[in-house]
Structures are given as structure tokens and as C-alpha cells.
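Worksheet: the structure to be examined is printed underneath.
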Amino acid sequence: MMKVRPDYRQFLAETFGWLVLFCIAIALSPFLVRGECGMAVNLANAALSISLIVFLLAKYIVIRSVCWIVDEETLCTKKGVFAKRTDYIELYRVVDYTEKQTFLQSFFGVKTITIISTDKTDAILDIYGVPNRLDLIRHIRKKVEISKRNKHIYEITNN
């Protein structure tokens with residue numbers, strides 16, 4: 001059994017723009033505070049900063065609350081902070097794999113693996129925040145082949 005959680009660097013890749021915006025706002029705030037409207041700017045800056053911190057914290061918690069478990073017969077997705085949800089894909093239903101990276105994912109050293117299956121509810125499953133060094137596709141592919149062989153499922157192609 002293999003358990004995978006999104007790496008914290010996925011959070012950085014997804015929220016990089018917001019983090020830069022927050023740093024710019026903090027850096028520019030002393031220059032905006034002048035004269036009579038200084039108090040209003042300080043209050044607005046504080047409110048925006050607190051809102052952004054709460055948003056980023058919630059985003060981090062949501063990203064880190066996801067877990068994918070690959071066992072001998074299923075690929076299980078567990079997610080949720082307050083309300084939990086668990087989805088299962090039978091490994092013999094997996095038909096294809098894709099590995100992709102956005103620019104920021106590449107910069108932070110993480111990737112997204114897409115699993116394509118014949119499952120009705122989860123035909124496409126994205127496993128995001130996987131560290132580059134982890135060869136998850138090879139691991140899943142081995143398990144899929146074993147599962148198909150055990151269930152006597154063979155692919156027939158029309159070439």
C-alpha cells in the first residue's frame with residue numbers, strides 16, 4: 001500500500017500570485033499612509049491582510065487534507081476537512097496515465113498525475129502536488145497490470 005499527500009510546495013505553486021501580492025501590499029503600505037486618510041488606509045490594509053491570511057490558511061488546509069491510497073486492487077481518494085469523502089477506482093479500470101507540470105509546479109518541484117479510467121464517477125482523477133522524485137506512475141502501472149491479470153481482463157485493440 002502506498003499513501004500520497006500533496007506536498008506543501010503545491011500550496012506555494014497554487015498561491016504564488018497571492019503571496020507576491022500580499023508582500024507588495026505590505027511593502028507599499030508605508031508609502032500610502034499620509035495625511036488625513038492614513039488611518040483609513042491602515043484599517044483597509046489590516047482588513048485585507050487578515051482576509052488574505054485566512055484565505056491562504058484555508059487553502060493550505062484544503063490542499064493538505066487530500067490523500068490518495070494505492071493498494072492491491074483500488075486507488076482511493078480521501079478528502080475533506082469537516083465533511084469527509086472517500087472515492088474508489090478499481091485498478092483494473094485504469095486505462096491511461098498523464099504527467100504534467102505548470103511553470104510554477106516545475107519551479108517548486110512538484111507535478112500533477114492524471115489517471116484516466118473507465119469508472120463512471122471518476123473517469124479522470126488528478127493527483128496533484130506529487131514530488132518530482134516520486135515515480136508514482138510506475139508504481140500505479142505495476143499494480144494495474146497485476147490487478148488486470150488477476151481479474152483476467154485483457155485489452156483488445158483494433159489497429
Side-chain angles (χ1 to χ4, degrees), residues 1-27 47-159:
M1 178 171 72
M2 178 181 233
K3 196 175 196 179
V4 179
R5 287 190 180 275
D7 195 274
Y8 73 93
R9 294 173 291 179
Q10 178 67 27
F11 166 76
L12 297 174
E14 285 187 23
T15 59
F16 187 73
W18 289 106
L19 292 169
V20 169
L21 188 64
F22 178 70
C23 291
I24 289 172
I26 295 298
L48 286 173
S49 296
I50 291 170
S51 299
L52 190 57
I53 289 169
V54 168
F55 166 75
L56 292 174
L57 183 62
K59 182 80 169 168
Y60 181 79
I61 290 169
V62 167
I63 287 173
R64 295 288 291 166
S65 71
V66 178
C67 178
W68 298 277
I69 301 170
V70 182
D71 63 16
E72 300 305 315
E73 295 186 3
T74 60
L75 174 57
C76 174
T77 304
K78 294 184 176 190
K79 57 181 147 182
V81 178
F82 300 114
K84 306 283 186 184
R85 178 184 171 127
T86 305
D87 293 317
Y88 298 90
I89 295 177
E90 296 289 332
L91 287 177
Y92 71 86
R93 293 183 179 270
V94 174
V95 293
D96 204 6
Y97 322 86
T98 305
E99 190 175 285
K100 55 189 168 189
Q101 280 184 311
T102 64
F103 172 74
L104 287 174
Q105 279 182 320
S106 178
F107 182 75
F108 289 110
V110 292
K111 60 189 172 187
T112 298
I113 293 173
T114 301
I115 306 293
I116 301 169
S117 73
T118 58
D119 191 79
K120 301 282 187 226
T121 56
D122 290 316
I124 298 175
L125 172 67
D126 284 332
I127 303 174
Y128 50 85
V130 178
N132 283 341
R133 69 184 182 286
L134 182 61
D135 194 3
L136 186 59
I137 287 181
R138 184 184 325 170
H139 180 77
I140 292 173
R141 190 169 188 280
K142 285 180 187 176
K143 299 279 188 184
V144 166
E145 293 302 320
I146 291 169
S147 180
K148 285 183 178 182
R149 195 175 321 123
N150 290 344
K151 297 213 182 270
H152 305 293
I153 295 174
Y154 304 100
E155 182 179 4
I156 299 172
T157 60
N158 191 13
N159 289 345

Would you call [X] and [Y] a side-chain contact if the rule is heavy atoms closer than 4.5 Å?
| X | Y | result |
| --- | --- | --- |
| Ile115 | Asp96 | no |
| Arg141 | Arg138 | no |
| Phe22 | Ile53 | yes |
| Lys100 | Asp126 | yes |
| Trp18 | Leu56 | yes |
| Tyr88 | Thr77 | no |
| Ile61 | Leu57 | yes |

Review point. Heavy-atom count around Lys78 NZ within 6.0 Å, excluding the residue itself: above 12?
Key: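 It does not: Lys78 NZ has 12 such atoms or fewer within range.
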Review point. So Cys76 and Thr86, side-chain contact (heavy atoms from CB on, under 4.5 Å) or not? Walk me through it.
Key: CA-CA 7 Å; Cys76 174; Thr86 305; 3.4 Å; yes
Straight-line distance of [X] [atom1] to [Y] [atom2], nearest 0.5 Å:
| X | Y | atom1 | atom2 | answer |
| --- | --- | --- | --- | --- |
| Tyr92 | Thr74 | OH | OG1 | 11.5 Å |
| Glu73 | Asp71 | CD | CG | 7.0 Å |
| Leu91 | Asp119 | CG | CG | 11.0 Å |
| Leu75 | Met2 | CG | CE | 11.5 Å |
| Leu125 | Asp87 | CG | CG | 8.5 Å |
| Lys84 | Cys67 | NZ | SG | 10.0 Å |

So, the side chain of [X] versus the backbone of [Y]: is there a donor-acceptor pair under 3.5 Å, distance only?
| X | Y | answer |
| --- | --- | --- |
| Arg9 | Gln105 | no |
| Ser106 | Thr102 | no |
| Ser117 | Asp122 | yes |
| Lys59 | Val54 | no |
| Lys111 | Leu134 | yes |

Point to revise | Pairs involving residues 97-133, ordered by first then second residue, that meet ring pair (Phe, Tyr, Trp, His ring centres under 6.0 Å) (sequence neighbours left out) | key: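 Of all non-adjacent pairs touching residues 97-133, those that pass ring pair (Phe, Tyr, Trp, His ring centres under 6.0 Å) are Phe16-Phe108, Trp68-Tyr128.
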Review point. What do the steps show when you test Val70 against Met1 for side-chain contact (heavy atoms from CB on, under 4.5 Å), and what is the final call?
Key: CA-CA 6 Å; Val70 182; Met1 178 171 72; over 6 Å; no
Point to revise | Contacts of Ser147 that satisfy side chain to side chain donor-acceptor pair (under 3.5 Å) - sequence neighbours left out | key: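 So Ser147 forms no side chain to side chain donor-acceptor pair (under 3.5 Å) with any residue.
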Practice item. Assess whether side-chain contact (heavy atoms from CB on, under 4.5 Å) is satisfied between Val4 and Leu136, documenting all intermediate values. Key: CA-CA 9 Å; Val4 179; Leu136 186 59; 4.0 Å; yes
Check your understanding: Between Gly80 and Ser65, which heavy-atom pair has the shortest distance, and what is it?
Key ->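 Closest approach of Gly80 to Ser65, heavy atoms only: O-CB, 3.6 Å.
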Review point. For Pro131 and Asp7, which heavy atoms make the closest approach, and how far apart are they?
Key: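 Smallest interatomic distance, heavy atoms only, reads CG-OD2, 3.9 Å.
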Point to revise | Sole residue of Thr112, Val130, Asn132 in side-chain contact (heavy atoms from CB on, under 4.5 Å) with Gln101 | key: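 Answer after filtering Thr112, Val130, Asn132: Asn132.
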Check your understanding: Going through the distances and angles, do Ile113 and Ile137 end up as a side-chain contact (heavy atoms from CB on, under 4.5 Å)?
Key -> CA-CA 8 Å; Ile113 293 173; Ile137 287 181; 3.7 Å; yes
